[in-house]
Amino acid sequence: MDLAVWQIVLLVLLAFYSIIDSLSLNIGCQYPVIIGTVTGAIMGDVTLGLAIGATLQLMVLGVGTYGGASIPDFTTGAIVGTAFAAISNQNAEFAIGIAVPVGLLMVQLDVLARFTNTFFLHRVDKNIEMGNIRGVKRNILLGALPWGLSRAIPVFIMLIFGKSVVNFIVNEMPDWLMGGLKVAGGILPVVGIAILLRYLPTNKFVAYLIIGFVAAAYLNVPMLGVALIGVALAIIYFKQSIKAVPVMAGSNITMDGGENEDGEYED
Amino acid sequence: MDLAVWQIVLLVLLAFYSIIDSLSLNIGCQYPVIIGTVTGAIMGDVTLGLAIGATLQLMVLGVGTYGGASIPDFTTGAIVGTAFAAISNQNAEFAIGIAVPVGLLMVQLDVLARFTNTFFLHRVDKNIEMGNIRGVKRNILLGALPWGLSRAIPVFIMLIFGKSVVNFIVNEMPDWLMGGLKVAGGILPVVGIAILLRYLPTNKFVAYLIIGFVAAAYLNVPMLGVALIGVALAIIYFKQSIKAVPVMAGSNITMDGGENEDGEYED
Amino acid sequence: MDLAVWQIVLLVLLAFYSIIDSLSLNIGCQYPVIIGTVTGAIMGDVTLGLAIGATLQLMVLGVGTYGGASIPDFTTGAIVGTAFAAISNQNAEFAIGIAVPVGLLMVQLDVLARFTNTFFLHRVDKNIEMGNIRGVKRNILLGALPWGLSRAIPVFIMLIFGKSVVNFIVNEMPDWLMGGLKVAGGILPVVGIAILLRYLPTNKFVAYLIIGFVAAAYLNVPMLGVALIGVALAIIYFKQSIKAVPVMAGSNITMDGGENEDGEYED
Amino acid sequence: MANMKTEANMINKRDLMAANIRWLLCSQICWNYERMMSTGYLYSILPTLQKLYKGNDLKEMMGVHNQFFNTNPMVGGLILGMDMAIEEREKKEAKEVITGLKTGLMGPFAGVGDTIFGVIVPTVFGSIASYMALKGNPTGVMMWMLVNLLIIGLRFTLLPLGYKQGAKLVTEFADRLNALTDAAVLLGITVVGALIPTVVNAKVAYVYKSGEVTLKMQEMIDQIMPSLIPVLLVALVYGLLGHKKMTSTKAILFVMVLGIVFYNLKILG
Amino acid sequence: MANMKTEANMINKRDLMAANIRWLLCSQICWNYERMMSTGYLYSILPTLQKLYKGNDLKEMMGVHNQFFNTNPMVGGLILGMDMAIEEREKKEAKEVITGLKTGLMGPFAGVGDTIFGVIVPTVFGSIASYMALKGNPTGVMMWMLVNLLIIGLRFTLLPLGYKQGAKLVTEFADRLNALTDAAVLLGITVVGALIPTVVNAKVAYVYKSGEVTLKMQEMIDQIMPSLIPVLLVALVYGLLGHKKMTSTKAILFVMVLGIVFYNLKILG
Amino acid sequence: MANMKTEANMINKRDLMAANIRWLLCSQICWNYERMMSTGYLYSILPTLQKLYKGNDLKEMMGVHNQFFNTNPMVGGLILGMDMAIEEREKKEAKEVITGLKTGLMGPFAGVGDTIFGVIVPTVFGSIASYMALKGNPTGVMMWMLVNLLIIGLRFTLLPLGYKQGAKLVTEFADRLNALTDAAVLLGITVVGALIPTVVNAKVAYVYKSGEVTLKMQEMIDQIMPSLIPVLLVALVYGLLGHKKMTSTKAILFVMVLGIVFYNLKILG
Ligand SMILES: OC[C@H]1O[C@H](O)[C@@H](O)[C@@H](O)[C@@H]1O
Ligand SMILES: OC[C@H]1O[C@H](O)[C@@H](O)[C@@H](O)[C@@H]1O
Ligand SMILES: OC[C@H]1O[C@H](O)[C@@H](O)[C@@H](O)[C@@H]1O
């Protein structure tokens, strides 16, 4: 293996940046075809990078990380695959053979990064309590570390120790932890939701919680549809409230005024 | 070709009437098997007309013009097909071979007729503004013309110029116009709906507009189901209104009266 | 045939009890594998009973009598089948060949039992009117008779007259009655529902009757989902009522109190 | 208001019959894409309007009845009858009630009527007639025409029936006309909400293709929201109609051109 | 009203146990098509009724509890318990609350109970028992019966649980009993609305055939409205029951005859 | 309240720009399973908060903005902008309105944004770039990056747009703030109700097998109620959080352990 040190540094930085880019600017470094091209340039073989990136890109077209789901990270795969193919003078097919298992392995590390950041979240909570605004800011920004390192470290290790390490890790990772973390990742949002429910005046509007639930769970209405229902119910509630208020104040005149305001239909 | 003039006249009138009948009395002249029989009678061969009409009828069983959709007009097809078969001593199969393309061609003219009548609609609008009631009436009744002529004229032309003209028209009609008109026909009802929304006190009840939309678009509830939902919501609204009104007037007694009136359940 | 009298007596009692058990204690005597075992014990061949019962059990796994639907009664089938197989020294397969038609025949008698009990229901009604509580109790408990006899009598007859009688009945039962009763059974619950609707203040809440109907008929929401919708609407109605009442009494203070009580969210 | 509720029953049997005949003959005679059966309805109720209103009121109410309306003509007389009863009692006051009712009932009546008179009857009698006709026997054809005549008779009974129902409605709730109006309008607007995805027919034809990758635009749009295009079109025309100089003629021309342009750009189709 | 709320806790543990046993043994004992488990419910609550009411009140409340009721007997005790707590406090006042609650809860409880005790338990233990039985081993059968005994124990806990919940309900909302009543009735009626298409089983068997044309009547009717026949039947019987001389016995005979006639005319089936 | 509504427009263009840049760069930077984008939102609005609040108010409002939030980052600026306008006018009073709005809008915005920027754009430009790349041509890659830069420009317009809409909202309904608050909260809670079955991912892996009998537990549970497990989990954690000593850290550890245990017991998976 004859990767130059500067190449290793650049590729590790690239891996770090690619995930951060996808979370922020999104100039495209999260996409295999783009990252493959850049890696190709670093390795001195743009055409190879293009070919590898393009093949991987076509494999993930339209697969996005919605709702925080973890997907195969063929972007990191493209970096490692292109690097190995270039130094061993192999073709794109060889690179894909490396990139795919790497991409699958990265799913686990993505889950880990998403976990780890709850640590900073809770430090943010604490700093809020203490009124330490700089602490709040610092801890939020530190969230970038788990993200970046979740890509940079494995790329670094793989570039140093080679392809065999990939297989080793894939095989030796204990299932009880990996599978367990995946399940935990699936159900963890209940904490955020429960906090939100405690936070909102849920009791007062529990009927609408049920309605939203029935719409999504029984009728499979997608989110925008549920929100439309919510908007309709909110409007009805709003109109009733402003109708009721003047009555309490004992004035019929305001009441009528309120009515007229609603209808654009006057003759 | 040896069609007698009186035959041409009768067939053209029949074509004119058949569409008008379907819009009004509906004694059945819109149906191929009936119109085929009548055409057969005019051509002096009822059995042939029966056979042609019946075959075409079985091809459109249960296909109706719902919501103003245009469907293949095998009724007009039956007239032309039967006429040609009779004068050329051909069998029913020959007639069907003519009737089907004619029926398909007529779709375009049906669209055209439905378009043209917006012209009379707007003249009705204007006459309403001017308070000219006779003008209102006249323009509504004139709506029969585009309908009738949309069948009479092509039948006339075809009877005169023969089968070849059918093919010519079918082939030479520019697609940009035909396709364009079809699309335009599909979206034109938005104008009527938008006018209706401007006309109704939509703002006051916009929540229910959304509910109706969600029911139909997301949940695929058919119209009667939506109306049932609407009736339920209207009843709820109505009961709330009549409950609220007496309160404003400051009288509890009326209120209770209102309550009792609803429930049949008194003991 | 050499069934001992005590065997006949026990088997008939078992048949009587098996259905009663399924309606009350449910210790399991409604299930073929259990009843087969018991029958086997009575006949002196537990293994045979186990085999027959198990085979029949696997045929009805997960088939339950929901909403009062009648299902093939392989439990009674298991009694008769096991008994016949034992006395004629035949194997389980022979028994299944008897049990299955018996089970199907019993569907009709199940329907009959469910019918017959409307007789006692109406006597309960009458005794309520007369204030005769003992009569009420007696007639309710008498409901056990049609149930038990619907199993005991056919088992008795079959044990006495043998297998041929089963076929005879299955074939000779007039269809006009059997089919008619089945249809009648399907629509009879309308009486109970209609009485309930007369009984409840339906007019006052007819909107919600429609909503429940639309949910079940158009949107296929299962019962629990409909109840969730009902609960949501009931809560909304409830909150509105208790909000409205104080206003009528002319006191704003109570009103606000009512509001606060709902929300747990106070700051 | 100057409602002249003096003459108790201004609408008599002859008026009902006249409306019935007009509805029978002309309900669809001026059918068009913009407001479908509005003119047919207006024509049928016109004599009644002339009886009930004068001058500007008449103009206004003619306008009211020239709004978007579409139902199955076989059963639509029921709505017409209800309307006549309500207007007879409440006159112009009922403007919104009847618009609400007309809009709210037209949809479900279309569904029911189309199924019975547009599918069941023609399928049953059309197939009988056809199979007999194939054997050279015109009896089935006669039979079907006879049935159609009977149906005409039936249709005549619906309008008076509606009239009675409408009368019941107004006598029962006359003192709560405002609430009734709101309820009717609410129903109407609910149905209009459902009309948008039902009546407007706009499918995006555009399919993105690149190598083996294809992306059906309509599917993407459905994922954002079903019937998004119809909603946007209605919103667009609704907005346009808010401008002073915009007339419905201009709006319809605009939509026609839009349709043709979109078709030729292969956007809609 | 003359509610005697003097004795604070009239229903004691023994009463709960008595109701529990009755429910266990007799909830379905007089099951019938007309009102399903009404009698079982009445029988179970009868001792409580006798404690709480006298004379005409008692008669009335027996009538109240002899209305259409159907739920899964395994979990139904929960409803019974709630009812007992509510009636204890509010007596006859609670008539509508409890009818609403009973009607509103019976449906979902049936669904949950039937799935757990009608599908899961018998499938799991039935299959174990069967496979062991096929090998001549009765252990699985024993095991299943044991489980059933345990379930009986479980069932005994539900009624007291419901009693506590019901008590909570009434103490929390006692001062707003009217609102609570309305809410409960609303829930009940919503569920009845859903019962109609769920419980009533009426499929039109008629299929029109002519040559190669077939028209399934049920499909046509579904196109008009799903569950149209059940709705019409309920409306019919509801109407019948409005007549003075109509009794439920007559209604049931009428419906039976209807069923037989419709079957033999091949209309339903 | 001590709202200082003196300085009419405390938030200026620079503030909007600052929020925009922070949102662009940091909305997801601290993304985590517990509250997803809460920190990103907090970070973006922090300068605004510091302008509007002091002392305990500031602490409280930071807490408000560190609640569960998740939307598509491309279009989320719109929500942020609305929020800023509302808080500027109503300060702490608006606490619930904004929580309601944020919760109510995040879901649909996620759906729309993900479809457009997560599916359509990458599919179209990704496929173009790939097919060109396969031929050794990097132009497609350049093009895609250019498009992404254009999208960044677009994103900058959304926050000011939201700010204007929010301003409109508060000026229109300022005198009815309570009603507006309730409406917003209602919307938010409706969406949370739908979040539970959508965001929480818990499938029961357990399959009962005995001979040829298999019983998929998840199917049984779905028969009782869809998304029953997510509902129970939310209820469990909601209950836990009611205890004095329970912190969100403990809750999250608890849920993590639960996940691992359930996985290894083969209950969930
Ligand atoms: O689905 C909304 C949103 O959820 C998470 O925050 C991430 O997966 C984003 O990429 C996505 O846009
Ligand atoms: O669908 C209702 C109605 O729509 C249009 O007016 C026509 O197509 C009628 O034939 C049809 O009955
Ligand atoms: O479905 C609820 C219930 O309905 C009837 O009462 C019987 O079939 C019971 O076995 C069942 O539990």
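Naming convention: chains lettered A, B, ... in sequence-line order (proteins, then strands); numbering from 1 in each chain.
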Margin query: Could you check whether Arg198(B) makes a cation-pi contact with Tyr238(D), meaning its NZ or CZ is under 6.0 Å from the centre of the six-membered ring and within 45° of the ring axis?
Written below: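 Yes; both conditions hold, so Arg198(B) lies above the ring face of Tyr238(D).
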
Counting only non-hydrogen atoms closer than 4.5 Å, does [X] touch chain B with its backbone (N, CA, C, O), its side chain (CB onward), both, or neither?
X         : value
Ile229(D) : neither
Leu58(D)  : side chain
Val112(D) : side chain
Leu46(D)  : side chain
Leu134(D) : both
Ile152(D) : side chain
Ala251(D) : both
Thr247(D) : neither
Pro138(D) : both
Met62(D)  : both
Met142(D) : neither
Tyr131(D) : side chain
Asn137(D) : backbone
Val261(D) : neither

Please classify the contact of [X] with chain D as side chain, backbone, both or neither, using a heavy-atom distance under 4.5 Å.
X         : result
Ala217(B) : both
Asp175(B) : both
Pro189(B) : both
Leu48(B)  : neither
Val221(B) : neither

So does [Y] get a backbone contact from the side chain of [X], meaning a donor-acceptor N/O pair under 3.5 Å?
X         : Y         : result
Lys59(D)  : Glu129(B) : yes
Asn32(D)  : Thr118(B) : no
Asn117(B) : Trp31(D)  : yes
Tyr208(B) : Val191(D) : no

Closest non-hydrogen atom pair, [X] against [Y]:
X         : Y         : result
Tyr43(D)  : Leu141(B) : OH-CD1, 3.5 Å
Val33(B)  : Ala133(D) : CG2-CB, 4.0 Å
Ile252(D) : Val191(B) : CA-CG2, 4.1 Å
Ser127(D) : Leu58(B)  : CA-CD2, 4.4 Å
Met223(B) : Thr198(D) : CE-OG1, 3.9 Å
Gly259(D) : Val183(B) : O-CG1, 3.6 Å

Margin query: Going by side chain to side chain donor-acceptor pair (under 3.5 Å), name the pairs with one or both residues in residues 33-62 of chain B, residues two or more places apart or in two chains.
Written below: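 Matches after skipping sequence neighbours: none remain.
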
Check: Do any pairs count as a side chain to side chain donor-acceptor pair (under 3.5 Å) and have a residue in residues 19-28 of chain B, sequence neighbours left out, and if so which ones?
Finding: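 Every side chain to side chain donor-acceptor pair (under 3.5 Å) pair that includes a residue of residues 19-28 of chain B, provided the two are not neighbours, is Tyr17(B)-Asp21(B).
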
Item checked: Pair Trp176(B) + Tyr263(D): ring centers closer than 6.0 Å ->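 No, the ring centres sit 6.0 Å or more apart.
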
Note to self: Could you tell me if the side chain of Val185(D) sits less than 4.5 Å from the side chain of Lys204(B), heavy atoms only?
What the structure shows: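 They are not in contact (no side-chain heavy atoms under 4.5 Å apart), so the answer is no.
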
Notebook entry, point to check: Under a 4.5 Å cut-off applied to non-hydrogen side-chain atoms, are Lys95(D) and Tyr199(B) in contact?
Noted result: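 With C-beta onward as the side chain, the pair touches.
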
